[in-house]
Every structure is written in C-alpha cells, then in structure tokens.
Amino acid sequence: MELIRCLSQVQETRSHVNQVYPVQEVSFLLLVAVSCGHQGWSDIEDFGNGNLEWLRHYFPYENGIPTCQNIARIVRAIVPESLLAALVEWVNQHRQKNGQAIIALDGKDMKGVRRYGKTPLSQVSAFDVQEGLVLYHQATSGKGQEIESVRSLIDCLSIEGCILTMDALHCQAETLQQIVDKGATAVVQVKKNQPKLFEAVDNVFQQYWEKAEGDQVSLTHSEKGHGRQEKRSVYQLPLSLSGELKKKWPMLNSAIAVTRERCLKGVRSYEAAYFVCTGELTLDKAMQATRGHWRTENQQHWILDVVFGEDAQKVHVGKGPENMACFRRLAMNLLKKDPTRLSNPRKMNKAKYDHDYRHRLLFSEF
C-alpha cells in the first residue's frame, strides 16, 4: 500500500533499546487519528485503543498502543525531514499534473506554538492551488525568517515549467532570479516595500488607462452573491525598466494589474493591485495566478485552523510542533483527494466509525 510504503521512510532519534513501540506504527496511528479529527495525545491514545483490531490489519502493534506520554515522546523523536519525505512521496504519486501548475508560496503562523516565549512558529508551504494539495512545507521562526525559508523551499522543489505566486514580502530580486534559474515563472505582488519598482509599474498602467477603453485589452470576471457584486479585471503589459531598476530587476518581463470594483449594500469601492512577472502569460493564466494565490488562505490556512485546530495547538517541546504540523498537512491532503461529496468535518466524522470508508480515505481506493 502506497501510504504505508511512504511511512516506512520515517526515522527517529530514540535509542534502539527504547523502541518498544515502532515509529512506523505510531506514525500510522497519528495519521489515522488526525484524519478522524483527534488532536490531543489522550484522544489519540483512546482512539488507538478503541480501534486496535482495525489498526492490526496494517501493522502488528504487538505491544498495543503507547500511553499518551509515550506518544508525545515518540513524536518529539521523529526526524522531521524523514516525515516530510513521506509527505512529498505521497503527494507526488497523487498529483494529476494537468497543464501548467500554479504553486502558491506562503507562510502561516502557528499562534499557539511560541519559540523562546515570543516568536510563533511559522510554516512556509508550497501549495498547488489547482489541486488543493500541500506539496512541501518548512518550519521557520516568524515572519523575519520567511524570506530565507522561501528561498530554501524553492531549492527543494521541482518547479520547471510551473508558475510560482508570492505576496509582496517576497518581491526580492534574489528570490525571483532563483525561480527563473530553476526554469519556472514568478508572479509576485509589488507594493510600496519596493517603492521605485511600485512607482514604475504604477506609471505604466496609469498611462495605459488614459487610453480610450476600446484601445485597452483586459479580461473581466463578474460575480454576485451574499449581497455583493464584484467585477474583477486583469491587464498585462510589457515592463521595460531602465537605469538602476533594470540593473536590479533584469529578470522582469511584464507587469500585471488587477482591478476590483465592488458594491456591497449599496456602497461602492475600487482598488487596484500590481504584480510583476518574470515571463509573459495569457490574460486567462494571469487571472488564475493572481486570484489563485489567495486560495491558500481558505483552502489551506482556514482548514488547518478551523477543521484541524492548528492555532489552538500547545505542543512546544522539541520537534513535536513541526512533526504534528506535517501529520495535519498529510491528513488534509488525504481529505482533499477523497471525492466523496461531504464537507471535511463530515469526512472526518465518517472516518471515525466507518472502517471501510476510513480504509478508502487512507489508501485512495475510490
């Protein structure tokens, strides 16, 4: 079975004389329990004891289920890189890779986990916005380290031919050149943290918008719902920089503008967001890339916080927070790949009592 083969990669730092409970057995228990909505150590222990016979279909569990204290100790002993390797192997087997992938790179704070009493632990993720899967993630100590963490993550990814999207924090020449060198295209928002570049892009579009509407080319999408009307238009223009800007940003080829006109309860608002791109996209792909980046908020961050309760987690010691974050993301991927037309909470609840469904959820036999 693919999942069990992936978990066979998990390694630990415990001495061999203390391995009464094999790390692969505990890893499988954790993944199943988290996929069923269990979060605390005691809940995971109770789930294991209540489903021991079912678990023995996959692993021996000769010594039964460890106590909640032992579960916590074993989680701290797991080597995070080995658990991440299991996630990466599983997701690479299950991605459809239809067309040009759009991958959002974004960070998320785990508010309940603080290092040295101050800085929340952050997870920087690579998220396939079209398939809704976490491809890779890496721990970092807060926003101050996110730029370096994203560059490290890019080094680890196979991204040739992909489009990578990032927020304005990562509008950094070194980061964009790194993406180009790996054969990918970068689309990154530009704000006033790069004032000269922002001014140059703003000037390009302000001059363009002075033309007659019939001379402008854009792609427009309108939506209505919940008392709100929104019209979103995307424009793309060549970006010809000069002087110091060209020297600093030689990898930039085009600029994208997204305008949003909203009417909510009779109140109208207008805003424009600018992006720079290291390649040239069709307007349709530019719309997908700029809009798709924010899907990571409701397709990943929201699910992790609301469904898996990540912000409420209080695991602080050792590598426990990083490892549990990885288990949650692998469980979230499992739920996403399940085609059953149920909400994530209902899938998790169904997996608690329906053994056949639980098996299909874990091993994708749909």
Of all residues at least two apart in sequence or in a different chain, which pass the side-chain contact (heavy atoms from CB on, under 4.5 Å) check with [X]?
| X | result |
| --- | --- |
| S240 | none |
| A273 | Q189, R260, F275 |
| Q93 | E2, R5, C6, E89 |
| K246 | L241 |

Answer yes or no: does atom [atom1] of [X] have more than 12 heavy-atom neighbours from other residues, nucleotides or ligands under 6.0 Å?
| X | atom1 | result |
| --- | --- | --- |
| E244 | CD | no |
| K352 | NZ | yes |
| E280 | CD | no |

Can you measure from [atom1] ([X]) to [atom2] ([Y]) and round to the nearest 0.5 angstrom?
| X | Y | atom1 | atom2 | answer |
| --- | --- | --- | --- | --- |
| C36 | N51 | SG | CG | 7.5 Å |
| H301 | Q123 | NE2 | CD | 10.0 Å |
| Q177 | Q172 | CD | CD | 14.0 Å |
| E81 | C156 | CD | SG | 10.0 Å |
| D202 | L197 | CG | CG | 11.0 Å |
| R358 | H355 | CZ | NE2 | 4.5 Å |

Grab the two heavy atoms, one from [X] and one from [Y], that are nearest each other, plus how far apart they are.
| X | Y | value |
| --- | --- | --- |
| S35 | L335 | O-CD2, 4.4 Å |
| V187 | T290 | CG1-CG2, 4.3 Å |
| W41 | L30 | CZ3-CD2, 4.1 Å |
| V180 | M251 | CG2-CB, 4.1 Å |
| R14 | V23 | NH2-N, 3.7 Å |
| T165 | A104 | OG1-CA, 3.4 Å |

Among all residues two or more places apart in sequence or in another chain, which pass the ring pair (Phe, Tyr, Trp, His ring centres under 6.0 Å) test with [X]?
| X | answer |
| --- | --- |
| H38 | F47 |
| W209 | F205, Y235 |
| W90 | H94 |

State whether a side-chain donor-acceptor pair under 3.5 Å links [X] with [Y].
| X | Y | result |
| --- | --- | --- |
| Q300 | T296 | yes |
| T340 | D338 | yes |
| D284 | Q288 | yes |
| S254 | Q236 | yes |
| T185 | T278 | no |
| N203 | Q207 | no |
| N349 | R346 | no |

What pairs of donor and acceptor atoms, side-chain ones from residues 323-332 against any protein atom, are under 3.5 angstrom apart with sequence neighbours left out?
from	atom 1	to	atom 2	distance (Å)
N323	ND2	V75	O	2.8
N323	ND2	I78	O	3.0
N323	ND2	K319	O	3.2
R328	NE	E310	OE2	2.9
R328	NH2	E310	OE2	3.2
R329	NH1	E310	OE2	2.9
R329	NH1	A325	O	3.0
R329	NH2	E310	OE1	3.2

Distance-only check: which donor-acceptor pairs under 3.5 Å involve side-chain atoms of residues 52-59, not counting sequence neighbours?
from	atom 1	to	atom 2	distance (Å)
E53	OE2	R56	NH1	3.3
R56	NE	P60	O	3.3
R56	NE	Y61	O	3.4
R56	NH2	Y61	O	2.9
H57	ND1	E53	O	3.2
H57	ND1	W54	O	3.1
Y58	OH	H359	ND1	2.6

Checking [X] side chain against [Y] main chain: does a donor-acceptor pair fall under 3.5 Å?
| X | Y | value |
| --- | --- | --- |
| N193 | A168 | yes |
| E271 | T259 | no |
| S82 | V10 | no |
| Q100 | I163 | no |

Between [X] and [Y], does any side-chain N to carboxylate O distance fall below 4.0 Å?
| X | Y | value |
| --- | --- | --- |
| R291 | E230 | no |
| K336 | E131 | no |
| D305 | K108 | yes |

Taking ring-ring contact (aromatic ring centres under 6.0 Å, His included) as the cut-off, I'd like each qualifying pair that reaches into residues 333-354, sequence neighbours left out, listed once.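 Non-adjacent pairs meeting ring-ring contact (aromatic ring centres under 6.0 Å, His included): zero.
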
Kindly state each residue pair satisfying ring-ring contact (aromatic ring centres under 6.0 Å, His included) with at least one member in residues 165-199, sequence neighbours excluded.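 Sorted pair list: F198-Y274.
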
Any chance you could lay out the side-chain hydrogen bond (donor to acceptor under 3.5 Å, both in side chains) test for Q138 and S152, step after step, and finish with the verdict? CA-CA 9 Å; Q138 183 168 301; S152 176; 3.3 Å; yes

Any pair counted as salt bridge (Lys or Arg N to Asp or Glu O under 4.0 Å), so long as it reaches residues 149-160, sequence neighbours left out: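 Residue pairs passing salt bridge (Lys or Arg N to Asp or Glu O under 4.0 Å), neighbours aside: E148-R151, R151-E174.
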
Between I102 and D128, is a side-chain contact (heavy atoms from CB on, under 4.5 Å) present by the stated rule, with each step listed? CA-CA 6 Å; I102 299 174; D128 186 323; over 6 Å; no

Does the side-chain hydrogen bond (donor to acceptor under 3.5 Å, both in side chains) test come out yes or no for S218 and S233, once each step is laid out? CA-CA 6 Å; S218 66; S233 300; 4.8 Å; no

List the steps and the verdict of side-chain contact (heavy atoms from CB on, under 4.5 Å) for E210 and Y208. CA-CA 5 Å; E210 289 177 358; Y208 184 73; over 6 Å; no

Would you please test H137 and F127 for side-chain contact (heavy atoms from CB on, under 4.5 Å) and show each step? CA-CA 9 Å; H137 75 111; F127 185 73; over 6 Å; no

In this structure, which one of I154, L135, D167, I159 forms a side-chain contact (heavy atoms from CB on, under 4.5 Å) with L105?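 Among I154, L135, D167, I159, the one meeting side-chain contact (heavy atoms from CB on, under 4.5 Å) with L105 is I154.
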
For the residue pair N253 and L239, establish whether any side-chain heavy-atom pair is separated by less than 4.5 Å.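 Result no, sub-4.5 Å side-chain heavy-atom pair not found.
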
